Number of protein chains: 2
Amino acid sequence: MSPIRQMLSESGLTEQQWRVLRVLNEHGALEPSQLSKHAALLLPSQTRIVQSMAQKGFVVRREHPNDRRRTVIEITDMGQAIINDNAAKAAEIAAQIRDKLGPRRFETLLDILDDLRDLE
Amino acid sequence: MSPIRQMLSESGLTEQQWRVLRVLNEHGALEPSQLSKHAALLLPSQTRIVQSMAQKGFVVRREHPNDRRRTVIEITDMGQAIINDNAAKAAEIAAQIRDKLGPRRFETLLDILDDLRDLE
DNA sequence: GCAATATATTTAACATGTTAATGATTTCGA
DNA sequence: TCGAAATCATTAACATGTTAAATATATTGC
């Protein structure tokens, strides 16, 4: 992740904040519990992360229409801009890693990690 | 790691503190930089971890014979006792995970992770 | 309809991760 | 040998990880 972190530091984002933006960009607005699954964050961490991202204007929180315990988290135009600025470079970095490891080994790694997650 | 953490919590240890004890048990007394490599800890984290472990009596810090910048960290009898109490169970848990994943996939995972580390 | 329970999230408290700055000592070269 | 540079470790500051407790709202069963 080191090259990714280096890229993000220029936008003032952490690796986790970047993951939140990417998930919201891909899935649209999400409730906290859904977001936490896709972004691989525990809810307490995510709460803090989303709070600071909301303060900086990268996301907004709306009321959930049916359930007042929940909220809905949505990416802003400013968050979108960050995605647009970094998506290409991030994809390139990921491709480099995949190629260095070998595409076959890379797929195998993802498979095994999936299995590991399901073990618990 | 969840079952390991559960086991350790009964001894009041974290996963990282357990790793420090295991490395010191296996390699004998070590300087901070050597310990950090074997235990996969960054030095600032390790400094805090070793400080709290020293306070609790699991390790001791001695002077380095030739270089006063360094110290030597050593496991105590009390730390040894923790190892003795938990080693068997930890090995059993590790074996269970390896078996669930399949011994072959487990080895493949270790290989790929080694390669990943060398990429940087 | 209301109390008990369940659900969704946040807060709290402490441990670790991460990067940069600082401190202390050693080493090297003029 | 003396001062600059290198080395080793710690401290500082902030972000996240992790577990337990607290809060707020919904749901269920009587």
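In this text the structure is predicted, and so the values were computed from the model without any measurement. Proteins come first, then strands; the chains are lettered A, B, ... in the order of their sequence lines, and each starts at number 1.
Among the heavy atoms of the strands lying under 4.0 Å from A/Thr14 are primed sugar atoms or P, OP1, OP2 only; no base atom is included. Across all strands shown, A/Ser33 has heavy atoms under 4.0 Å from sugar-phosphate atoms exclusively, and none from any base.
Ranking D/dT10, D/dG17, C/dT26 by closeness to the B/Asp67 side chain, first place goes to C/dT26. Taking the side chain of B/Thr71 as heavy atoms from C-beta on, and the options C/dT16, C/dT10, D/dT10, the nearest nucleotide is D/dT10.
In this model, the phosphate group of C/dT16 is not approached by any side-chain N or O of B/Ser45 to a distance below 4.0 Å at OP1 or OP2. Remark: A/Arg5 is in phosphate contact with C/dT18, judged by side-chain N or O atoms under 4.0 Å from OP1 or OP2. The phosphate of D/dA9 has neither OP1 nor OP2 within less than 4.0 Å of any side-chain N or O from B/Gln46. Within the 4.0 Å cut-off from OP1 or OP2 of D/dA9, not a single side-chain nitrogen or oxygen of B/Arg69 is found.
One can place CZ of A/Arg61 at 16 Å from P of C/dA8, the figure rounded to the nearest angstrom. Following rounding to the nearest Å, A/Leu8 (CG) and C/dT19 (P) show an atom-to-atom distance of 12 Å. One can place CG of B/Leu41 at 14 Å from P of D/dA9, the figure rounded to the nearest angstrom. When rounded to the nearest whole Å, the span between CD of A/Gln55 and C1' of D/dA15 equals 15 Å. Between A/Glu63 atom CD and C/dT9 atom P there is a gap of 14 Å when expressed in whole angstrom units. Rounded to a whole Å, the CG atom of B/Leu13 is 16 Å from the C1' atom of D/dT18. Distance A/Glu31 CD to D/dT25 P: 16 Å, rounded to the nearest Å. Rounded to whole Å, atom C1' of D/dG17 lies 15 Å from atom CG of B/Leu42.
Here B/His27 contributes atom NE2 and B/Ile75 contributes atom CD1; the two are 13.0 Å apart, rounded to the nearest 0.5 Å. Atom CE of B/Met1 sits about 8.0 Å away from atom CE of B/Met7, to the nearest 0.5 Å. Between the CD1 atom of B/Ile112 and the CZ atom of A/Arg104 there is a distance of 9.0 Å, given to the nearest 0.5 Å.
Salt bridge annotation for A/Arg19-A/Glu15: present, with a cationic side-chain nitrogen under 4.0 angstrom from a carboxylate oxygen.
With DNA chain D read from its 5' end, the first of the two nearest nucleotides for A/Asn66 and B/Pro44 is the one closest to B/Pro44. Along DNA chain C, the nucleotide nearest A/Glu15 and the nucleotide nearest A/Gln51 are compared for position; the residue whose nucleotide lies closer to the 5' end is A/Gln51. DNA chain C is contacted by both A/Leu43 and B/Ile49; A/Leu43 maps to the nucleotide lying nearer its 5′ end (nearest heavy atom per residue).
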- [ ] Starting from the C-alpha separation in whole Å, work towards a yes-or-no answer on side-chain contact (heavy atoms from CB on, under 4.5 Å) for A/Arg70 and A/Ser33.
- [x] CA-CA 9 Å; A/Arg70 313 182 191 187; A/Ser33 56; over 6 Å; no
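With hydrogens and angles ignored, a donor-acceptor pair closer than 3.5 Å exists between the side chain of A/Arg48 and the base of D/dG17. Looking at A/Arg68, its side chain has no donor and acceptor atom pair within 3.5 Å of the base of D/dT25.
Of the possible donor and acceptor atoms, one in the side chain of B/Thr76 sits under 3.5 Å from a partner among the backbone N and O of B/Gly79.
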